[in-house]
Each structure stands twice: as structure tokens, then as C-alpha cells.
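I have placed the structure first, in the form of C-alpha cells, so that the comments after it can refer back to it.
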Amino acid sequence: MVGMTKPLHDLRVFLSALRRRPAAIGAIAPSGPTLAGLLASVAPSTGEPVVVELGPGTGSATRALGRRLPATARHLAVEIDGELVEHLRTAHPGLEVVHGDAAHLAKLLAERDVQQVDAVISGLPWALFPEELQRAILEQVGAVLAPGGAFATFAYVHALPMGRARRFRALLAESFDEVIVTRVVWANVPPAISYICRRPVVRTDAG
Ligand SMILES: C[S@@+](CC[C@H](N)C(=O)[O-])C[C@H]1O[C@@H](n2cnc3c(N)ncnc32)[C@H](O)[C@@H]1O
């Protein structure tokens, strides 16, 4: 990273991950600060919250959460790509980076003595996932979210008409009592909306 600014270094790490695993990344650039801030706003800024990110990538939402969370918070991130895991561990020493699959969220958290979390923030590329994987991960989120907790994720506006994106939106409505669709963040590349979900209605013995 010598001689390189942090955003440029992040972009290089992101593009390298995109080349290696295009089907797991599903974006052309890291989330911008406005979208990241919107997602992070569901995390409590006081008390001793436990917050988990799914698919943090190069850490856009990680940075926004780092600015928002109190020093007493526990901040975990589940990332499937080994090189991104290394990048996150170096760039965010206070972050508990878990190298694993979000589909095993409850088990990964239980291994770290976490049974419930106050917020789940996702950077996962839902529109690339088959329905079973979308369902499996949403069930895991529902299983670990504390009463009063929130789940935040996003979708690219241009992809909203796609079948998998529409099915994901319908799955959210099935899985949560409340789903709020936010304004379009036009400043993001590409423009995106976010979904803020509360009160999971799908509770399983997942994990
Ligand atoms: C769209 S990128 C996240 C971009 C991120 N917002 C950023 O700014 O860098 C999606 C991320 O989800 C990760 N991912 C994909 N499938 C996953 C899974 N099943 N479990 C955990 N992480 C996963 C990818 O490796 C990638 O880092």
C-alpha cells in the first residue's frame, strides 16, 4: 500500500476480489459513503450493542459503523473471501473478522459466544443468489436478531426488475413484519435503495 491512498488501495483490493469471484461480489465498485452511512444508521449508537456485517467486502459499511458505534460495542463481520478477510484484518484492527459463509451465521456467532445481535448489516449480492441461499441466509438473520433489532441491506436500482431481485424483495416481506424501502441514493455507483427490516417472522432452530 506504500504510496497509495486508502480509497485507491481499497479499490484495488475490490477489483482483485471481483476478478477472482465475480459471482460472490456482484458490484462494480465498493458502496459509497452515503449508502454505507444509511445502512449503518440502523445500528445503536449507545449502550453495548452487538452488530454483525455480512459480506463486508473492502469495508465501506465497516468504516461507517466504526464512526457510529460506541467504544463499548462488539462489531463482527462475516466474509467468505480469504483475501478480503486478510485486508479487513489489517485495515480494521478492532473488527472481529470471521472467515465464513453467511449461510452459517448462527453457528459462526455461537462459536464466538454471541447468541443475539442488535443489528445485521449486509453487503451481500442477493440478486446473484439462488432462492435457497437467499432463504437460508434470511432465516439465519431472523434466528440471531434480538427483539427490537434491525436488518439493513441494499439493492441496485437498475437490477430491481430482475427476477431474483424481485423474489428477494418478496422474501423480505415474508420474513419480516416491517420492511422499509428507503429513498434512492443517487450518489452511489450504481444508484441503490436500501431495505430496513424489523421483527423477523421466520424463526427456525437454524444453526
Ligand atoms: C457487493 S460486495 C460488498 C461490497 C462492499 N459493500 C464494499 O464496499 O466493499 C459482496 C461481498 O459479499 C461477500 N460474500 C458473497 N457471498 C458471501 C457469503 N455467502 N458469506 C459471506 N460473504 C459473502 C463477497 O466476498 C463480497 O465481499
Side-chain angles (χ1 to χ4, degrees), residues 6-43 51-67 75-92 95-109 111-112 117 120-141 144 151-159 162 164-165 168 171 185 187-195 206-207:
K6 210 165 173 314
L8 201 58
H9 178 62
D10 281 3
L11 186 60
R12 230 173 117 152
V13 172
F14 182 90
L15 292 175
S16 157
L18 185 59
R19 262 197 313 275
R20 276 181 287 109
R21 306 173 81 115
I25 303 293
I28 54 164
S31 305
T34 309
L35 179 61
L38 192 57
L39 296 171
S41 68
V42 303
V51 171
V52 62
E53 288 180 71
L54 306 179
T58 50
S60 307
T62 311
R63 269 189 297 282
L65 282 164
R67 284 190 291 273
H75 182 180
L76 301 102
V78 179
E79 171 56 57
I80 206 166
D81 184 275
E83 283 189 29
L84 289 173
V85 164
E86 289 313 311
H87 169 74
L88 289 162
R89 286 187 176 143
T90 308
H92 303 274
L95 181 69
E96 292 180 57
V97 186
V98 181
H99 188 188
D101 188 334
H104 305 138
L105 179 62
K107 178 170 165 284
L108 295 171
L109 292 177
E111 287 167 359
R112 285 151 185 88
V117 302
V120 178
I121 284 93
S122 165
L124 295 172
W126 298 103
L128 297 185
F129 291 168
E131 180 172 357
E132 313 79 70
L133 185 57
Q134 291 181 345
R135 273 188 193 279
I137 298 176
L138 286 179
E139 282 181 11
Q140 295 279 305
V141 171
V144 302
F151 168 60
T153 189
F154 69 93
Y156 295 122
V157 172
H158 69 271
M162 281 171 52
R164 283 182 176 182
F168 178 65
L171 265 182
V185 180
N188 200 66
V189 182
I193 55 162
S194 58
Y195 298 119

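The first residue of the sequence shown is numbered 1, and numbering continues consecutively from there. Remember, it's 1-based here, ligands and their atoms both numbered in the order they're listed.
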Is a donor on one side and an acceptor on the other found under 3.5 Å between the side chain of [X] and the backbone of [Y]?
| X | Y | value |
| --- | --- | --- |
| Glu79 | Gly57 | yes |
| Asn188 | Gly32 | yes |
| Glu53 | Thr62 | yes |
| Ser194 | Phe154 | no |

Considering Thr62, Leu39, Thr58, which one's heavy-atom position lies nearest to atom 9 (O) of ligand 1?
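Looking at heavy atoms only, Thr58 sits closest to atom 9 (O) of ligand 1.
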
May I ask you to decide if the ring planes of Tyr156 and His158 are parallel, tilted or perpendicular, using 30° and 60° as cut-offs?
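Parallel, since the angle between the ring planes stays under 30°.
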
Between Trp126 and Phe151, how do the two ring planes meet: parallel, tilted or perpendicular, split at 30° and 60°?
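Taking Phe151 first and then Trp126, their aromatic rings stand perpendicular (interplane angle over 60°).
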
Pull out every atom of ligand 1 sitting under 4.0 Å from any heavy atom of [X], numbered as shown with elements.
| X | result |
| --- | --- |
| Gly55 | 3 (C), 11 (C), 12 (O), 13 (C), 22 (N) |
| Asp101 | 18 (C), 19 (N), 20 (N) |
| Gly123 | 1 (C), 2 (S), 3 (C), 10 (C) |
| Pro56 | 5 (C), 7 (C), 9 (O) |

Asp81, any N or O under 3.5 Å of ligand 1 N or O:
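Looking only at distances, the answer is no, because the N/O contact criterion of under 3.5 Å is not met.
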
Looking only at distances, can you tell me whether any N or O atom of Ala102, backbone or side chain, sits closer than 3.5 Å to an N or O atom of ligand 1?
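Ala102 vs ligand 1: N/O contact under 3.5 Å present.
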
Using a 4.0 Å heavy-atom cut-off, which part of [X] comes near ligand 1: side chain, backbone, both, or neither?
| X | answer |
| --- | --- |
| Leu84 | side chain |
| Ala61 | neither |
| Phe154 | neither |

Enumerate the residue pairs fulfilling side-chain hydrogen bond (donor to acceptor under 3.5 Å, both in side chains) with a member in residues 95-104, sequence neighbours excluded, ordered by first and then second residue.
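Applying side-chain hydrogen bond (donor to acceptor under 3.5 Å, both in side chains) to every pair that reaches into residues 95-104, excluding sequence neighbours, yields Arg74-Glu96.
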
Close approach, Leu54 and ligand 1, non-hydrogen under 4.0 angstrom:
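Contact check Leu54 vs ligand 1: negative.
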
Gly100 touching ligand 1 at heavy-atom level, < 4.0 angstrom
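Gly100 counts as a contact of ligand 1 under the 4.0 Å cut-off.
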
